[in-house]
Structures are given as C-alpha cells and as structure tokens.
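Bear in mind that the values here come from a model prediction, so they are computed numbers and not experimental data. When reading the values below, keep in mind they use all heavy atoms of this one structure, side chains included, and skip hydrogens, waters and symmetry mates.
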Amino acid sequence: MRLERSFFERHTPSVARDLLGCTLVRKSGRRVISGRIVEVEAYRGSDDPASHSYRGKTARNSLMFGEAGHVYMFFIYGNHWCLNFTAEPEGRKPGAVLVRALEPVEGIGEMAKNRGTSDTVSLTNGPGKLTQALGIDGSFYGEDLVTSERLFVLSAESPVRRAVSSRIGVSQGHEQKWRYFVKGNRFVSKGHPSRVKDVSE
DNA sequence: CACCCGATTATCT
DNA sequence: GATAATCGGGTGT
C-alpha cells in the first residue's frame, strides 16, 4: 500500500524510523525500479544546526516548511542529488528525511546501467548513488509522493531490525541520534567510520 | 582499513 | 567568496 499523507505528518524522527523497510518505487513508462529503504536520517527545524532549515526559510528550503509528503531535492558538492521527504504537520516545524541507502529490489539491470557499475552493493548504498541508480534528479523537486505516478513509497511488509546512530557527514548536531538503519543489512552505507561508533539499539 | 584529496556548482553571506 | 546531509580514486600501513 502506498504511504498516505498522514504517515508524513508526524515528528520527523518517527517518520524516518518508520520508513525503514518501506519500498521506494520509481516508474517511467513501463519501467520500474525499486528498492527497500534501509538507511535514513532526520533533519528538523530551528533546533537542529545540521538542518538546511535551521536558519529560517530560504528559496532552497521552503519546501521543508510546507505540506508533508513532498520530495525535497538538493544538489551537493557539485556532483550529487540527494532525495528527501518532507515531514511534520504543516505549520509546525520544518522537517525532512534524507534517504541514504536502498536494497535493490526491481530493475537491477537498469540501476547498473545508470550507475555504470555491475557491483550490486555499490548501486544504492549512499544518498548520491541511489538517486543516480533510480534516475532521480532536480526535476523531482516538489513532487508529491502521495499522488505522483513516477515516484512513491509502499509500506513495509515485514518488520525490520532497526539501529540508530548520530548522522553522517554533518559538522554540527552530533548529539542527536537521528540516523536510522536496518541492522546487519549489507546495503547500508559505510559512512564515516569515526561517526558510526556510537551505534546503539 | 585509515586517511587524503579533487571534482564541481547551487545557494547563502 | 565560502561552504556543503558525497563519491571515487589514490596512497600508505
């Protein structure tokens, strides 16, 4: 079942945690590429120095202040697109969940073509990699996951073992343990080893 | 495995 | 003008 609006209209870390095990589906014509979400991070509001919305509303982050369940894309380090889902009830705090890793399900051949590699593990084990594998770019900025024909999320079919840590790649906001991943899954990104130490259940 | 670095550009100060 | 929620390739241990 496709996730509906109410799923996203909650506390951002809860949305992030519950996205683990859900399936991200990318459709273009007859082609379907999909993967299970195995790693995410929450970014939230004026109390989170690592969030793009920390310093208030700007042209780039305005979507994080709007209706939940939309796609927030940003381009980083001159190379990569990162995929985020907006969260929180509208009018409350700005919030978004970064999708960091997928376990490939459908369209693996297509992913390999998009990524230019045949190494299955490295197809989708990072935020910049999975967008490339699924053919998701800046044109998806603002896409509504609740109604879109080309990008949406299906609810989890079976429970997953979750683990938590501080977030990867951020220079501030280490105290918050807002990275969630599926324990033991080989498609979880390696991240920065020094920042993955404080893993807890 | 640990560390280092260059690529490359939108966005904000 | 500086910075960045990354990646891949390199070197050295």
Side-chain angles (χ1 to χ4, degrees), chain A residues 8 11-17 19-20 24 35 37-66 68 70-88 93-102 104 111-143 163-182 186-199:
Chain A
F8 299 99
H11 185 221
T12 308
S14 304
V15 174
R17 182 197 59 213
L19 277 168
L20 292 181
L24 177 66
I37 298 173
V38 296
E39 180 183 356
V40 292
E41 283 176 359
Y43 290 87
R44 182 179 183 253
S46 49
D47 48 1
D48 177 6
S51 175
H52 288 168
S53 56
Y54 181 52
R55 291 168 203 289
K57 203 167 174 176
T58 65
R60 175 173 67 160
N61 68 25
S62 62
L63 222 71
M64 289 175 75
F65 293 78
H70 287 256
V71 170
Y72 168 55
M73 299 296 297
F74 67 88
F75 194 60
I76 192 80
Y77 297 115
N79 292 311
H80 312 285
W81 285 104
C82 291
L83 171 69
N84 300 255
F85 306 151
T86 60
E88 299 287 327
K93 295 195 175 237
V97 177
L98 169 67
V99 182
R100 288 194 55 89
L102 300 176
M111 291 188 198
K113 197 187 301 173
N114 292 342
R115 291 272 301 122
T117 175
S118 54
D119 174 17
T120 313
V121 172
S122 68
L123 290 178
T124 53
N125 66 342
K129 299 180 190 177
L130 69 92
T131 53
Q132 189 180 24
L134 271 64
I136 302 172
D137 59 20
S139 73
F140 284 78
Y141 187 91
E143 193 88 2
V164 178
S165 82
S166 58
R167 294 169 294 184
I168 293 173
V170 302
S171 50
Q172 301 171 81
H174 281 258
E175 38 321 323
Q176 279 135 142
K177 303 291 190 295
W178 281 356
R179 171 174 176 253
Y180 301 89
F181 57 99
V182 175
R186 69 198 181 104
F187 295 94
V188 169
S189 77
K190 296 293 171 247
H192 210 345
S194 63
R195 292 180 182 153
V196 183
K197 274 181 186 160
D198 56 325
V199 170

Residues A:Asp119 and A:Thr117: side-chain donor-acceptor under 3.5 angstrom: no
Separation of C:dC7 P from A:Leu123 CG (nearest whole Å): 13 Å
Residue whose closest nucleotide on DNA chain C lies nearer the 5' end, A:Lys129 versus A:Ser51: A:Ser51
Length of the CD-P vector between A:Gln132 and C:dC7, whole Å: 10 Å
Candidates B:dT8, C:dA5, B:dT13 - which lies nearest the side chain of A:Arg55: B:dT13
Rounded distance in Å - CD1 (A:Ile76) to P (B:dC12): 12 Å
Side chain of A:Ala59 (C-beta onward), nearest among B:dC12, C:dA4, C:dA5: B:dC12
Proximity of A:Phe85 and A:His70 rings by center, below 6.0 Å: no
Separation of C:dA5 P from A:Asn61 CG (nearest whole Å): 13 Å
Opposite nucleotide pairing with B:dT8, Watson-Crick or G-U, both atom distances under 3.5 Å: none
Cation over ring face, A:Arg60 and A:Tyr72, 6.0 Å, 45°: no
Length of the OH-C1' vector between A:Tyr77 and C:dT3, whole Å: 9 Å
Step-by-step side chain to side chain contact (heavy atoms under 4.5 Å, CB included) determination, A:Met64 to A:Ser51: CA-CA 10 Å; A:Met64 289 175 75; A:Ser51 175; 3.6 Å; yes
Length of the CG-P vector between A:Asp137 and B:dT8, whole Å: 18 Å
Which nucleotide in C:dT6, C:dA5, B:dC12 has an atom nearest any side-chain atom of A:Thr58: B:dC12
Separation of atom CZ in A:Phe75 from atom P in B:dA7, rounded to whole Å: 15 Å
Ring-base stacking, A:Tyr43 with C:dA5 (5.5 Å, 30° cut-offs): yes
side-chain contact (heavy atoms from CB on, under 4.5 Å) partner of A:Phe187, chosen from A:Leu102, A:Leu130, A:Thr120: A:Thr120
Integer-rounded Å distance: C:dC7 P and A:Asp119 CG: 14 Å
Watson-Crick/G-U partner (both atom distances under 3.5 Å) of C:dA5: none
Phosphate OP1/OP2 of C:dA5: any A:Arg179 side-chain N/O under 4.0 Å: no
Proximity to the side chain of A:Arg60 - top-ranked nucleotide from B:dA10, C:dC7, B:dT11: B:dT11
